[in-house]
Amino acid sequence: MEDELLAQRREKLDRLRSDGIDPFPHAFPGVEAIAAVRAAHQGLADGEETEVSHRVAGRIAARRGQGKMAFIDLVDRSGRIQLQARLDVLGAETHERLLNLDLGDLIGIDGTAFMSRRGELTLRVDGFTVLAKSLRPPPDKHHGLHDVETRYRQRELDLIANEESREVFVNRARIISAIRRALDDDGFVEVETPTLVSLYGGALAKPFTTHFNALHQDMYLRIATELYLKRLIVGGLERVYELGKNFRNEGLSPRHNPEFTMIEWYEAYADYLDETRRVEEVVCAAARAVDYQGELQLFEPWKRITLRDAILEQTGIDVLEHRERDALAAVIDAHPTHRIPTKDRTWPQLVDDLLGEFVEPTLQQPTFLMDYPVELSPFAKRHREIDGLTERFEAYICGIEIANAFTELNDPDDQRARFEAQVRYAGEGDEEAQPYDESYVRALEHGMPPTGGVGVGIDRLTMILTGRDTIREVILFPALRD
RNA sequence: GCCCCUAUAGCUCAACUGGCAGAGCAGCGGACUCUUAAUCCGAAGGUUCUAGGUUCGAUUCCUAGUGGGGGCACCA
């Protein structure tokens, strides 16, 4: 059956060639976007004709009628427009050739604009050019393409068939542009640091490993850009950002893809409180870029609450009142309703568990959770008032973590001690503990100014701003099994 | 890695407690000069994901595998 459909299209291809028509010409200059054509004829009355000619190009999406007159829907990146093919305008041979084209074929046309009696802006085709013959049948013209596996594996078909999918990726691009613009306009310098690294760091995650043949050396794909960027702060660039892919060798989920896009920025002389405001500013810029109209109060100042108060609110447990692991575990075990497994969990892990279980799901409106335990934050500066905490926040929207930020740790001796602690955790079997990065500590020894730094997950932010509930909907080619 | 769900025509979906696998769209032949999910007539189109098993008989039940989805674990 499929073979038959392909053979029929092949035959039409051969027929074009035998008629002396190149089915794959090199270019088609002078094309207007369909949206521009539409804009040029706003306010035309039903049935009103014009003398205005337009050249448009795109893919044949639908066809109605087959006789002396037919309508064809043409789609380009900017929209859809109806074409009218008339025997009396085109002549028998050209008319038949136009109607013999298949759904999915790419054509360019010159046509005269008029408004149909039913009020649809239409181009009467005066001439057309085949721009590329399509040799495979397109998805259903009305139902589109629903099968998620096909949509992800053959994203081109998804984009052809589903306009809302095209919109998501256009909006993703707008979000990225807006974020860059917001930072560029405030004096930030965009930089590029290595993706292929001999030492991974800057986050707690498992890396992908590869091998560099020339150097006979195992290498990693970066898990974060953090450490390189802060070396640039040491170097005096003062305001830097990098927007690019990170790679983490972990499970897939609706919120996780092994390669994902992150922006990290760092600014000298700022702390994490300054960064809350910059996160608001950057996210608002992105939201404006996609004309966000949803329920989230992105444009108001976001809620700020300490991690301790948030857990206290949701569970009645004050983690700072129970600073010992056993004490906290006992309180959790004795809790009437909010109980979680406590066996073999350390104090910071228990805090993290309480957060994930009882706090995160409640953080629907934009919220900054402030002040995390030092054990979970090897690159964050110690809290200026509260022992055992760091100046760190995570920003949540729709229960999803979208940003992570610190007042950066710039004391090289403290940083060295943190690395040593990480090495101990690794020795105890923690696969995500940080390897010791001597060149980073050495850079800090030259002096890093007080600095605020932020990482924002672009894919997750795009999910939120486009209303998608899985990360695969905002990544063109999400990771799938072969 | 574990648990659950799922796979039918090119696309979107049906098929009761096991009984010859159907429809719409697309495609093919025909009618049609304002249609728009165009309409009308006609003829087609299937290794029901794969490999086994149970059964007189399997799309349907069982086992295993593969892909996909969800959850757990891990994480952003």
Side-chain angles (χ1 to χ4, degrees), chain A residues 1-9 11-12 46-47 49 60-73 80-90 95 99-100 102-104 114-122 124 134-154 157-158 160-162 202-206 223-224 246-264 341 349 352 356 360 376 394-396 400-404 430-432 455-461 463 469-472 478 480-482:
Chain A
M1 179 59 194
E2 188 182 4
D3 289 348
E4 194 184 324
L5 295 174
L6 299 187
Q8 285 164 353
R9 284 175 178 250
E11 276 172 35
K12 291 184 180 183
D46 292 0
E49 312 236 341
I60 297 176
R63 182 176 49 223
R64 296 172 288 283
Q66 271 292 337
K68 300 187 185 70
M69 187 183 72
F71 294 94
I72 290 169
D73 285 348
R80 173 184 286 243
I81 196 164
Q82 174 169 271
L83 310 180
Q84 185 193 47
R86 295 178 58 137
L87 178 65
D88 57 358
V89 173
L90 293 169
H95 186 70
L99 295 194
N100 258 331
D102 289 311
L103 300 192
F114 71 99
M115 189 64 79
S116 77
R117 286 173 207 161
R118 298 274 186 88
E120 173 96 18
L121 183 67
T122 305
R124 181 169 51 251
S134 169
L135 296 173
R136 291 181 177 275
D140 187 283
K141 67 177 179 181
H142 181 244
H143 296 96
L145 180 66
H146 286 212
D147 181 75
V148 291
E149 186 176 357
T150 310
R151 289 187 49 238
Y152 298 156
R153 287 193 193 278
Q154 296 178 253
L157 296 185
D158 179 41
I160 288 170
N162 300 320
L204 304 175
K206 278 167 274 186
I223 59 172
N246 289 340
F247 305 84
R248 298 189 187 174
N249 207 339
E250 287 154 2
L252 299 164
S253 90
R255 292 171 200 16
H256 298 86
N257 197 61
E259 60 176 300
F260 63 101
T261 302
M262 173 114 123
I263 182 167
E264 291 189 31
Q349 283 172 332
D352 212 33
E360 281 183 12
L376 296 172
E394 292 192 344
Y396 284 85
I400 301 174
E401 182 196 338
I402 62 137
N404 180 27
D430 184 348
E431 290 180 76
E432 292 174 351
V456 175
I458 297 293
D459 311 282
R460 290 178 170 185
L461 180 60
M463 284 171 65
D469 57 10
T470 163
I471 200 167
R472 299 185 189 92
L480 296 176
R481 207 180 292 270
D482 271 339

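Only a predicted model underlies this, so the values are computations on that prediction, with no experimental measurement involved.
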Review point. What is the pairing partner of B:C2, taking Watson-Crick or G-U wobble pairs with both distances under 3.5 Å in any strand?
Key: B:G71
Practice item. Sticking with atom P, work out how far B:C16 lies from B:U60, rounded to a whole angstrom. Key: 12 Å
Check your understanding: At under 4.0 Å between heavy atoms, what does A:R80 touch on the DNA or RNA strands: base, sugar-phosphate, or nothing?
Key -> nothing
**Study point:** B:G71 versus B:G42 - spacing of their P atoms, nearest Å
**Key:** 48 Å
Exercise for review: Taking only the side-chain nitrogens and oxygens of A:K68, find out if one of them lies under 4.0 Å from OP1 or OP2 of B:U35.
Suggested key: no
**Study point:** Nucleotide nearest A:E120 (side chain, heavy atoms from C-beta), chosen from B:U12, B:G68, B:U36
**Key:** B:U36
Review point. Which part of the nucleic acid does A:E394 contact within heavy-atom distance under 4.0 Å: base, sugar-phosphate only, or nothing?
Key: nothing
Study note, to complete from the structure: Heavy-atom nearest nucleotide on RNA chain B taken for A:D88 and for A:D147; more 5' hit belongs to A:D147
Practice item. May I ask you to check whether over 12 heavy atoms, not counting those of A:R136, lie within 6.0 Å of atom CZ? Key: no
Exercise for review: Under 4.0 Å between any heavy atoms, over every strand shown, what does A:N257 touch: base, sugar-phosphate, or nothing? Just pick one.
Suggested key: base
Review point. Base, sugar-phosphate, or nothing for A:R153, non-hydrogen atoms under 4.0 angstrom?
Key: sugar-phosphate
Check your understanding: Expressed in whole Å, how much space separates the P atoms belonging to B:G67 and B:G10?
Key -> 22 Å
Exercise for review: Round to a whole Å and report the spacing from CG of A:L145 to P of B:A9.
Suggested key: 14 Å
Check your understanding: Within 45° of the six-membered ring axis of A:F260 and under 6.0 Å from that ring's centre, is NZ or CZ of A:R248 located there?
Key -> no
Exercise for review: Report which part of the nucleic acid A:L204 touches: base, sugar-phosphate, or nothing (heavy-atom distance under 4.0 Å, all strands).
Suggested key: sugar-phosphate
Review point. NA contact type, A:G144, heavy-atom cut-off 4.0 Å: base, sugar-phosphate, or nothing?
Key: sugar-phosphate
Check your understanding: When all nucleic acid strands are considered with a 4.0 Å heavy-atom cut-off, which category describes A:I402: base, sugar-phosphate, or nothing?
Key -> nothing
Review point. When rounded to the nearest Å, what value does the distance between P atoms of B:A23 and B:U36 take?
Key: 25 Å
Exercise for review: Determine the contact category for A:Y396: base if any of its heavy atoms lies under 4.0 Å from a base atom, sugar-phosphate if only primed atoms, P, OP1 or OP2 are that close, otherwise nothing.
Suggested key: nothing
**Study point:** Nearest atoms (heavy-atom pairs only) where A:R151 meets A:L145
**Key:** CD-O, 3.1 Å
Point to revise | Length of the CG-P vector between A:L103 and B:A37, whole Å | key: 15 Å
Point to revise | Nearest-angstrom distance, P atom, B:C2 to B:G65 | key: 9 Å
Practice item. Using whole Å, report how far CD of A:E149 lies from P of B:G70. Key: 12 Å
Exercise for review: Verify the contact: side-chain N or O of A:H143 to OP1 or OP2 of B:C13, cut-off strictly under 4.0 Å; return yes or no.
Suggested key: no
**Study point:** Position toward the 5' end of RNA chain B (nearest nucleotide), A:T470 or A:R9
**Key:** A:R9
Check your understanding: What's the shortest heavy-atom distance between A:H95 and A:A85, and which atoms?
Key -> CE1-O, 3.4 Å
Review point. Given that both distances must come in under 3.5 Å, which nucleotide forms a Watson-Crick or G-U wobble pair with B:A7?
Key: B:U66
**Study point:** Nearest to side-chain heavy atoms of A:S116, which nucleotide of B:A76, B:U36, B:G68
**Key:** B:U36
Point to revise | Euclidean distance, atom CD of residue A:E264 to atom P of B:A76 [Å, nearest integer] | key: 12 Å
Review point. Does A:R118 put a side-chain nitrogen or oxygen below 4.0 Å from OP1 or OP2 of B:U36?
Key: yes
Exercise for review: Locate the shortest heavy-atom distance separating A:L376 from A:L204; write the atom from each residue and the value.
Suggested key: O-CD1, 3.9 Å
Check your understanding: Hey, does A:Q82 reach any base, or is it just sugar-phosphate, or nothing, if we go heavy atoms under 4.0 Å?
Key -> base
Point to revise | G-U wobble or Watson-Crick pairing nucleotide for B:U33 (cut-off 3.5 Å, both distances) | key: none
Exercise for review: Would you mind telling me which of B:A76, B:U33, B:A26 lies closest to the side-chain atoms of A:L5?
Suggested key: B:A26
Study note, to complete from the structure: Taking B:C28, B:A76, B:G69 as options, the one with an atom nearest any side-chain atom of A:V148 is B:G69
Practice item. Give a yes/no answer on whether the side chain of A:R117 brings an N or O atom under 4.0 Å of OP1 or OP2 in B:U35. Key: no
Exercise for review: Give a yes/no on whether any side-chain N or O of A:R472 is located under 4.0 angstrom from OP1 or OP2 of B:G69.
Suggested key: yes
Point to revise | Separation of the P atoms in B:U6 and B:C62, to the nearest angstrom | key: 10 Å
**Study point:** Minimum heavy-atom distance A:R255-A:D469, with the two atoms named
**Key:** NH1-O, 3.9 Å
Check your understanding: If you check every side-chain atom of A:K206, which of B:C74, B:C25, B:C13 has the closest atom?
Key -> B:C74
Practice item. May I have the distance from A:H95 (atom NE2) to B:C32 (atom P), rounded to whole angstrom? Key: 11 Å
Review point. Between A:R481 and B:G68, does any side-chain N or O lie under 4.0 Å from OP1 or OP2?
Key: yes
Practice item. Among B:A26, B:U36, B:U12, find the nucleotide with the atom closest to the side chain of A:R64. Key: B:U36
Revision key, fill the gap. Side-chain atoms of A:F71 come closest, of B:A26, B:C34, B:C11, to B:C34
**Study point:** For A:A62 against A:R80, the heavy-atom pair lying closest together
**Key:** CB-NH1, 4.4 Å
**Study point:** Gap in Å between the two C1' atoms, one belonging to B:G69 and one to B:G29, rounded
**Key:** 42 Å
Check your understanding: Taking atom C1' of B:C25 as reference, at what distance in whole Å does atom CG of A:D73 sit?
Key -> 15 Å
Exercise for review: Go ahead and name the base partner of B:A43; Watson-Crick or wobble counts if both distances stay under 3.5 Å, otherwise write none.
Suggested key: none
Point to revise | Of the listed nucleotides B:G69, B:G24, B:C28, the one nearest the side chain of A:L480 | key: B:G69
**Study point:** Nearest-0.5 Å distance that lies between atom CD1 in A:I160 and atom CD in A:Q154
**Key:** 9.5 Å
**Study point:** Length of the CG-P vector between A:D482 and B:G67, whole Å
**Key:** 9 Å
Check your understanding: Between A:R63 and A:A70, is there a donor-acceptor pair closer than 3.5 Å when you use the side chain of the first and the backbone of the second?
Key -> no
Exercise for review: Scan A:E11 against the nucleic acid and name what it touches under 4.0 Å (heavy atoms): base, sugar-phosphate only, or nothing.
Suggested key: nothing
Check your understanding: To the side chain of A:R86, which of B:U33, B:C11, B:U12 is closest?
Key -> B:U33
Point to revise | Whole-angstrom distance between B:A58 and B:C20, as gauged at atom C1' | key: 13 Å
Review point. Which is true for A:G457 with a 4.0 Å heavy-atom rule: it touches a base, it touches only sugar-phosphate, or it touches nothing?
Key: nothing
**Study point:** Side chain of A:Y152 (C-beta onward), nearest among B:G69, B:C25, B:G70
**Key:** B:G69
Check your understanding: Is A:P138 touching bases, backbone alone, or none of the nucleic acid, heavy atoms closer than 4.0 Å?
Key -> nothing
Review point. Nearest-Å distance, CG (A:L252) to P (B:G71)?
Key: 12 Å
Study note, to complete from the structure: Heavy-atom nearest pair, A:I223 first then A:K206, reads CG2-O, 4.2 Å
